[in-house]
Amino acid sequence: MRFKQLLIGCLLLTLTACGGDDTAPVNQVKAFVAATEERNVDRMVALMVPEMRRDAGWQLRQVMPRIKSIDYQNDQYTLEKIEDGRAYVQINGTLVGQMDDGASINYPANQLVELVEQDDGTWLVANSGFEVPNQP
């Protein structure tokens with residue numbers, strides 16, 4: 001159970017965005033989800049704010065080899081607002097996966113992702129807003 005919580009937290013902690021218009025945060029959150037489904041840690045880490053890359057990258061590199069599959073199902077993305085160099089994207093759906101030991105993951109993925117605009121105009125995640133629900 002604890003491992004699943006760490007896995008979910010690590011994966012969703014790294015949601016991010018980049019680009020130069022109001023649709024960029026949503027488009028890049030979708031790109032991050034695609035990288036997650038591909039289990040591409042390097043691509044995921046590249047989308048994080050620099051201060052998160054080392055720790056989150058290390059955690060992801062520990063967890064990803066133990067994941068056989070991961071899929072966001074019925075995912076929906078909504079740009080809530082952009083204000084003062086921060087964007088907020090709501091993601092809703094279900095995170096479904098299979099671990100190498102046969103254990104299944106099936107959690108609601110409902111969180112407000114906070115993104116920070118960088119000097120070069122890219123958006124990077126500052127806070128995923130994800131809380132792992134308790135499951136039996």
Side-chain angles (χ1 to χ4, degrees):
M1 174 62 111
R2 195 85 177 131
F3 177 75
K4 286 183 187 179
Q5 291 176 339
L6 176 62
L7 166 67
I8 302 297
C10 286
L11 293 175
L12 295 173
L13 174 69
T14 57
L15 286 175
T16 185
C18 81
D21 62 38
D22 288 356
T23 61
V26 172
N27 289 338
Q28 289 304 110
V29 168
K30 289 178 181 180
F32 180 83
V33 167
T36 301
E37 291 175 333
E38 295 165 8
R39 300 181 334 233
N40 186 333
V41 174
D42 290 337
R43 195 165 141 216
M44 294 164 67
V45 169
L47 298 172
M48 294 184 250
V49 292
E51 35 307 337
M52 291 175 59
R53 291 178 182 162
R54 182 175 161 216
D55 290 340
W58 183 86
Q59 291 175 351
L60 286 166
R61 284 182 178 85
Q62 303 306 306
V63 171
M64 275 302 175
R66 298 173 68 185
I67 301 171
K68 289 177 71 174
S69 66
I70 191 159
D71 183 33
Y72 285 79
Q73 297 180 350
N74 304 313
D75 42 340
Q76 298 177 348
Y77 307 84
T78 305
L79 177 64
E80 296 293 330
K81 70 178 177 176
I82 295 178
E83 182 176 280
D84 297 326
R86 295 191 181 273
Y88 299 87
V89 176
Q90 180 73 38
I91 181 171
N92 295 302
T94 303
L95 183 63
V96 177
Q98 187 73 35
M99 303 302 294
D100 65 354
D101 66 359
S104 295
I105 300 167
N106 191 329
Y107 286 102
N110 305 312
Q111 73 266 13
L112 184 65
V113 180
E114 179 183 7
L115 306 135
V116 176
E117 187 174 20
Q118 305 300 293
D119 290 340
D120 64 0
T122 59
W123 291 92
L124 300 175
V125 72
N127 186 343
S128 72
F130 183 75
E131 293 182 21
V132 178
N134 290 325
Q135 277 197 319

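We're numbering straight along the sequence, starting at 1.
- Contact detail for Thr36 and Met44: the closest heavy-atom pair is OG1-CE, 3.7 Å.
- Across all non-hydrogen atoms, the minimal contact from Arg53 to Ala46 is NH2-O, 3.3 Å.
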Practice problem: Check the pair Leu47, Val125 against side-chain contact (heavy atoms from CB on, under 4.5 Å), reporting the backbone distance first and the verdict last. | Solution: CA-CA 7 Å; Leu47 298 172; Val125 72; over 6 Å; no

Can you list, pair by pair, the side-chain donor-acceptor contacts under 3.5 Å of residues 73-85, counting residues two or more places apart and other chains?
residue: Gln73; atom: NE2; partner: Asp71; partner atom: OD2; Å: 3.3
residue: Asp75; atom: OD2; partner: Tyr77; partner atom: OH; Å: 2.7

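- The CG atom of Asn106 sits 11.0 Å away from atom CD of Gln98, with the distance rounded to the nearest 0.5 Å.
- With contacts defined as side-chain heavy-atom distances shorter than 4.5 Å, the pair Val116/Leu124 does not qualify.
- Contact between Val89 and Pro25 at its shortest, heavy atoms only, is CG2-CB, 3.7 Å.
- Among residues two or more places apart in sequence or in another chain, the side-chain contact (heavy atoms from CB on, under 4.5 Å) test is passed with Asp101 by Met99, Ala103.
- For Arg54, there are no salt bridge (Lys or Arg N to Asp or Glu O under 4.0 Å) partners at least two apart in sequence or on another chain.
- Within the structure, the salt bridge (charged side-chain N to carboxylate O under 4.0 Å, His left out) test picks out the following pairs touching residues 31-45 (sequence neighbours left out): Glu38-Arg43, Asp42-Arg61.
- No continuous path of hydrophobic side-chain contacts links Val96 to Val63 [ILVMFWY only; heavy atoms under 4.5 Å].
- Of all non-hydrogen atoms in Met64 and Val41, the two that sit nearest each other are CG-CG2, 3.4 Å.
- To the nearest 0.5 Å, the span separating CD1 on Ile105 from OG1 on Thr94 amounts to 13.0 Å.
- Listed by first then second residue, pairs satisfying salt bridge (charged side-chain N to carboxylate O under 4.0 Å, His left out) with a partner in residues 86-95 read Arg86-Glu114, not counting sequence neighbours.
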